[in-house]
Amino acid sequence: MFKKCLIVAVAVAIASASTVNAADSKAYRVANNSAAAAKQLDLTFAGTGGSLLMIVYGQDNPCPDGTVSVNQPGGNATVTYPDDCVRVKGLVLIKASTNNGPISISSGFWTDALNNQSPILLTDAVQITVPTVSQWGLIVMTIALLIAATIIFARRKSVVTA
Amino acid sequence: MNLFRPALFAKALAVIGSIAVVGCAVALRVQGNLATRDIVGTVISVPMLAYLVHLWIALGNEEAPR
């Protein structure tokens, strides 16, 4: 009886894994590929569905921490620095999260000290990926481990009883 | 100890597969869509789980006469 309940529980867990919330979070490294040093970075995200959170966790060396303001309904966010400290080819590292998703940068622009705007190329915003194991990877590893353990214990038992 | 019994595995696969299909149908009904990764994950996990269940049943049958 216990074994049957365990089988049903595992099967239901596998099937219900697809109901996991589609919340998404991505980190990007945005390079200033405009012609001038910039003081502000504006980014517009797709897939936010009116829910957006963005943090800056790194920037070009001479810059202090930027001020982030987020417009949730519009799906856009701005990073502002006191002066044009983001040098040409300088980087800003951001992490954007949403309760919906999948999130991605759809457009953006740099603003220099003279308030000239220069659009970013999407190739300037490189997604930073950290290798992780998905929930499916964990499920597959668990089942593989159970199979291996079952075979090992069964063999050990048959050797003892032989 | 026999580690693979095709007839038993087929039965286990049929039962686990049916449960997974029902689960997917429920998930589709609740969520409105089924992601490709979930379909791939189910396709990989179901035969593995069926094999595990087949092992449990086969080993249980081997132990029963003693």
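The model shown is predicted, which means the values in this text are computed figures rather than measured ones. Naming convention: chains lettered A, B, ... in sequence-line order (proteins, then strands); numbering from 1 in each chain.
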### Nearest-0.5 Å distance that lies between atom OG1 in Thr42(B) and atom CD1 in Ile139(A)
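Interatomic distance, Thr42(B) OG1 to Ile139(A) CD1, rounded to 0.5 Å: 8.0 Å.
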### Query
Say you draw a straight line from OG1 of Thr142(A) to CE of Met48(B); how long is it, rounded to the nearest 0.5 Å?
9.5 Å
### Query
Do Ile147(A) and Tyr51(B) touch side chain to side chain, with heavy atoms closer than 4.5 Å?
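They are in side-chain contact.
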### Task
Would you mind reporting whether Arg155(A) and Leu3(B) have side-chain heavy atoms less than 4.5 Å apart?
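They are in side-chain contact.
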### Query
Which residue pairs pass the disulfide (SG to SG under 2.5 Å) test with at least one member in residues 93-126 of chain A, sequence neighbours excluded?
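Non-adjacent pairs meeting disulfide (SG to SG under 2.5 Å): zero.
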### Message
Please determine whether residues Ile103(A) and Val70(A) belong to a single hydrophobic cluster, defined as Ile, Leu, Val, Met, Phe, Trp and Tyr linked transitively by side-chain heavy-atom distances below 4.5 Å.
### Response
yes
### Task
Find out if a path of hydrophobic residues (ILVMFWY) with successive side-chain heavy-atom gaps under 4.5 Å connects Phe4(B) to Ile151(A).
yes
Would you list the atom pairs, donor with acceptor, under 3.5 Å between side chains in residues 5-20 of chain B and any protein atom, with sequence neighbours excluded?
from     : atom 1 : to       : atom 2 : distance (Å)
Arg5(B)  : NH2    : Glu62(B) : OE2    : 3.3
Ser18(B) : OG     : Ala14(B) : O      : 2.6

